[in-house]
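Below is one structure; the comments refer to it alone.
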Amino acid sequence: MAHKKTLMLGILIVSALMAVAIAVPIASNTGPDSDVPAQVNQLFGRTVLDEVPLIDGHNDLPWNLYNFERNRINNFELNSDLKAHPVWGPSTSSHTDIPRLKQGKVGAQFWVAYVSCGNQYKDAVERTLEQIDVIKRIVRKYPEHLQYVTSTDGIMEAFRAGKIGSLIAVEGGHSMDSRLAVLRMYYELGVRYMTLTHSCNTPWADASPIDNQNGATLRNVTVWGRNVVWEMNRLGMLIDLSHVSYGVMMDVLENTKAPVIFSHSSSHTVFQHHRNVQDDVLAKLVENNGIIMVNFYTGFIGGRSINNVITHLNHIKSITGPDHIGLGGDFDGVDDVPVGLDDVSKYPDLFDLLADGSYTNGTTFTPWTREDLRKLAGENLLRVFGEVERVRDSMVDVEPYEDLIPYQDFVDAGVADQPCMSDMDIHKD
């Protein structure tokens with residue numbers, strides 16, 4: 001009997017050692033081909049992405065579909081390795097395809113219907129409609145991988161089905177042509193956030209470059225511009241403050257009835273760029289219960305390493321706590337991304353490093369807890385989106401805001417008498 005107990009104990013010890021030997025490689029962050037050094041962490045951060053959807057706030061794939069394919073996607077294969085594509089492969093701004101989305105454990109994605117500021121006062125609405133159309137078509141083309149969604153419930157339904165929840169965003173208030181009716185139609189077409197400006201001012205709100213213009217006249221958000229904010233609240237459309245000026249950030253945070261998002265912005269304290277968010281705005285964002293989704297563009301984060309993104313995340317977390325942070329990589333919309341975050345496949349490496357509390361050079365920081373990582377991945381965005389939906393429901397009896405933008409807003413913006421706006425005169429009433 002004693003011999004059997006000794007034998008059994010030996011078997012158990014050997015089994016335990018084998019389990020450890022197997023578990024350690026599995027818990028390693030990377031393989032031999034990765035840019036990130038192999039590390040071991042008991043949390044193994046990437047497994048969080050199997051529990052909650054990784055919701056990325058901003059991907060410009062539709063812009064590349066326009067640039068490279070002119071939106072002709074019948075014979076275009078997103079479910080292929082675009083790194084080997086004769087046109088997309090050489091591009092420095094192509095970071096997204098279905099195989100890499102799957103490898104990156106992306107659970108939901110805001111696909112951006114973006115048109116340039118050069119379209120303002122011309123054909124911005126028509127071009128935006130084309131981009132909404134191509135988003136819907138590319139999602140419909142791959143039903144086994146992508147699922148069109150418009151709500152928090154839809155995101156979770158897609159995640160449980162093993163698909164990437166696909167939402168539509170409009171980047172830049174110039175796309176609505178200062179018409180609330182157009183904003184309402186965008187919502188009907190599935191748009192679930194609009195960035196109030198891109199890099200150009202609208203007649204009712206300032207864009208971030210104005211913060212670098214000494215002596216510029218700051219309008220922030222005009223009185224009519226607040227109608228845009230409230231109509232978005234009434235509709236249940238997320239208000240995105242990426243790209244807007246400091247004054248617009250503060251004005252909207254004072255006036256919105258619902259939480260806001262920064263879909264792809266980083267910390268101004270870490271890197272002083274007008275596209276980034278200052279600490280006092282972050283403090284206001286906490287009061288608003290909103291979220292900032294950190295951008296990966298090297299020109300906004302101040303360096304070319306995954307470590308730079310981690311520094312932004314750690315600083316923002318030190319100001320806001322873990323409840324107001326997400327990720328908005330800006331993939332396919334920028335021409336330079338950090339080493340270690342080369343494309344959409346690399347999100348798991350970021351989560352491993354955050355869980356490990358270690359930069360790639362071995363320098364350490366306080367590890368992110370599993371709860372922190374769940375919030376970063378998607379729980380924070382789901383909370384914000386859910387609250388926006390609740391504000392919408394509470395305003396169900398509020399009539400649509402329908403005042404026309406006053407002509408004086410065009411005058412003050414220096415864009416009065418635009419020849420391409422046939423009904424400019426009606427704003428003079």
Side-chain angles (χ1 to χ4, degrees), residues 29 39 41-58 104-108 110 152 155-156 159 238 240-242 249 253 258-271 276-296 300-301 306-330 340-341 346-359 363-388:
N29 287 3
Q39 300 174 43
N41 185 276
Q42 59 181 351
L43 290 177
F44 191 28
R46 70 182 56 205
T47 62
V48 168
L49 306 183
D50 299 320
E51 303 168 4
V52 296
L54 169 62
I55 306 172
D56 180 273
H58 197 93
K105 295 180 178 287
V106 176
F110 282 91
T152 53
I155 291 172
M156 292 309 301
F159 181 66
L238 292 155
D240 178 22
L241 297 182
S242 289
M249 294 177 191
L253 285 166
V260 304
I261 69 170
F262 290 84
S263 70
H264 58 305
S265 295
S266 298
S267 164
H268 189 272
T269 295
V270 175
F271 186 67
N276 290 335
V277 184
Q278 298 186 34
D279 286 354
D280 59 343
V281 177
L282 292 175
K284 284 281 189 183
L285 184 68
V286 173
E287 296 175 13
N288 169 261
N289 207 26
I291 183 175
I292 176 171
M293 309 180 83
V294 171
N295 191 308
F296 298 168
F300 296 159
I301 62 173
I306 192 174
N307 294 336
N308 296 99
V309 172
I310 293 172
T311 299
H312 281 267
L313 286 166
N314 281 334
H315 176 77
I316 292 170
K317 182 166 171 276
S318 76
I319 301 297
T320 67
D323 295 331
H324 305 278
I325 313 175
L327 298 171
D330 210 359
L341 281 173
K346 299 296 186 179
Y347 288 106
D349 293 337
L350 175 62
F351 276 76
D352 287 346
L353 288 168
L354 292 173
D356 192 63
S358 176
Y359 293 103
T363 305
T364 60
F365 53 86
T366 302
W368 290 49
T369 67
R370 198 168 195 83
E371 183 182 20
D372 293 344
L373 295 175
R374 288 173 60 98
K375 292 176 178 179
L376 175 70
E379 287 181 345
N380 287 340
L381 189 281
L382 287 168
R383 185 200 73 245
V384 170
F385 197 0
E387 181 59 27
V388 168

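All values derive from a computational prediction rather than experimental measurement.
When atom types are taken as modelled, the side chain of His312 and the backbone of Ile301 share a donor-acceptor pair closer than 3.5 angstrom. Ser242 contributes a side-chain N or O that, together with a main-chain N or O of Ser263, makes up a donor-acceptor pair within less than 3.5 Å. Under the 3.5 Å distance criterion, the side-chain polar atoms of Arg383 are matched with a main-chain donor or acceptor of Asp323. In terms of modelled atom types and a separation under 3.5 Å, the side chain of Asn380 and the main chain of Pro322 share a donor-acceptor contact. Between the side chain of Asp330 and the main chain of His264, no donor-acceptor pair closer than 3.5 Å is present. Within the 3.5 Å criterion, the main-chain N or O of Thr269 finds no donor-acceptor partner in the side chain of Asp279. At least one donor-acceptor pair closer than 3.5 Å links the side chain of His324 to the backbone N or O of Gly290.
Inspection of the Thr369 and Asp372 side chains reveals an N or O donor paired with an N or O acceptor under 3.5 Å. Counted by atom type alone, His58 and Asn295 present zero donor-acceptor pairs between their side chains at under 3.5 Å.
Ile261 and Leu238 get closest at one heavy-atom pair: CG2-CD2, 4.0 Å. Between Ile292 and Ser266, the shortest heavy-atom contact is CD1-O, 4.0 Å. Summarising the geometry of Leu253 relative to Lys284, their closest heavy-atom pair is CD1-CB, 3.7 Å, with the distance given to 0.1 Å. Residues Val384 and Pro259 share a closest heavy-atom pair of CG1-CB, 3.9 Å.
Residue Tyr359 forms a side chain to side chain donor-acceptor pair (under 3.5 Å) with just one option from Thr311, Asn307, Thr364, Asn308, and that option is Thr311.
Asp56 pairs by the side chain to side chain donor-acceptor pair (under 3.5 Å) definition with Gln109, Tyr347, not counting sequence neighbours.
Centroid-to-centroid, the aromatic rings of Phe300 and Phe271 stay 6.0 Å apart or farther.
Taking 4.0 Å as the cut-off between side-chain N and carboxylate O, Glu371 and Lys375 count as a salt-bridged pair.
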Pair Leu354-Phe365, side-chain contact (heavy atoms from CB on, under 4.5 Å): steps then yes or no: CA-CA 9 Å; Leu354 292 173; Phe365 53 86; 4.3 Å; yes
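A heavy-atom distance below 4.5 Å is not found between the side chains of Ile316 and Phe262.
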